[in-house]
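Here's the structure, in structure tokens; my notes come after.
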Amino acid sequence: MFARTSTVAVAVLCLVNVTAFAQPQSAEPPSVILFDNVRIFDGKSDTLSASLNVLVRGNTIDKISKDPIPTDRSANTKIIAGGGRTLMPGLIDMHWHTMLVRPTPATLLVGDIGYLNLIAGAEATDTLMRGFTTVRDLGGPAFGLKRAIDEGIVPGPRIYPSGAIITVTSGHGDFRQPFEVPRVLGAPQSRGEHTGAAMIADSPDEVRVRVREQLLLGATQIKLTAGGGVASPHSPLDVSTFTEAELRAAVEAAENWGTYVTVHAYTPVSIQRAIAAGVKCIEHGHLMDEQTAQLIAEKGIWLSTQAFPDEMADAFPPGSLERYKAVEVFAGTDKTFTLAKKYGIKTAFGTDILFSPRLAQRQGELLAKLVRWYTPAETLVMATGTNAQLLTLSGKRNPYPGKLGVIEQGALADLLLVDGDPIANIKLIEDPAKNFVIIMKDGKIFKNTL
Ligand SMILES: [Zn+2]
């Protein structure tokens, strides 16, 4: 009788385990992979190590030693002759939209959700093959894709999902047509809301509901749009959107759940209001001023910003309002990075590539562009160790417990073997197909051309 009860209990637990939080379980003994004779960029320092040996057991970096590491010769053990190549942590993109990279804006709004998921899966595989082993997804219905990747169904990066972007009526992320106004509470949702791309909320109470829904679905952080945006038809760049009370409601709901809010914001007023409400991270910040930069630094707020390439404006038709807004934002890039450096702002790297599979292929090149403001070593540290620090703000909502972005004993084994020294020649990361000879995520090899 007791045995039967516990079988039922286990069955119930298994059912619970089939949620968005499920982690794949393997019955096989952990694999052992030895990287022999590699120089390490550890995600923290500005030089490569001398020749070392690195043992990966299961999904973890088990041992790093300058002496030979003995291994058994079982079928589960693989030895990789590194030949003095560089072993570095997998790259992290802190502003990514797994579901929005490949479709056009029109396809996103009218396309079949099954089709959208399949093209996002193909893009996720390409993302991993570019050496990006982790992305923070800042808006879009990525929960299903994340689960399929975690279960090993589709190769792709680790995803820290925000779920739907939360916006106000007329804000950045409100893609409705004029005939869909007015919105009546309780009426059917707009297409963007229905797919889980963006949710509209117009009071502190409504914000709380929308935030808690995304947390229920598995969001690791919450994304609100605190000001106008480029890609939205109804939001001028200069506008501030959520009130401080609305932003504070989101922060309270996220913090009650052990995590944080990050906001899309370009202008001083939208950034300052978000910080006053307890927001921990600012996305973009391209139109900030000196005083705002100082405030961000003083309060220890993260800045997750991007060196947008001019070609990004090509997603919008010539002469369109969106295109003018893109040009205005892009003009602020140099000032933003200069202020971030001047005030020592905690700065994260991301690309925010939208609606352009062609541009996505240049994800590594967009990272290498940061050498306009940072040394190659600083640039690589930002995209690995520093980005991983920002990921820890998700607290217990982190779906991948363990250390990311660094090579050290006990860290998760997300590793790239680079044919050359990326500190001496950062352009190596612009051609991952050629120069990343091994790509490992979670201790598993996804590419090996050695
Ligand atoms: Zn974005």
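Numbering of ligands and ligand atoms starts at 1, following listing order.
- No hydrogens or angles considered: nothing links the side chains of Y400 and D442 as a donor-acceptor pair under 3.5 Å.
- When OD1 of D352 and NE2 of H97 are joined through the Zn ion (ligand 1), the resulting angle is 80° to the nearest 10°.
- A distance-only check finds a donor-acceptor pair linking the side chain of K325 to the backbone of G229 [under 3.5 Å].
- Under 3.5 Å, the side chains of S162 and D137 contain no donor-acceptor pair of N or O atoms.
- A salt bridge between E408 and K44 is present, with a side-chain N of the basic residue lying under 4.0 Å from a carboxylate O of the acidic one.
- With a cut-off of 2.8 Å, the Zn ion (ligand 1) has no N, O or S atom of E283 in range.
- One of the N, O or S atoms belonging to H95 lies under 2.8 Å away from the Zn ion (ligand 1).
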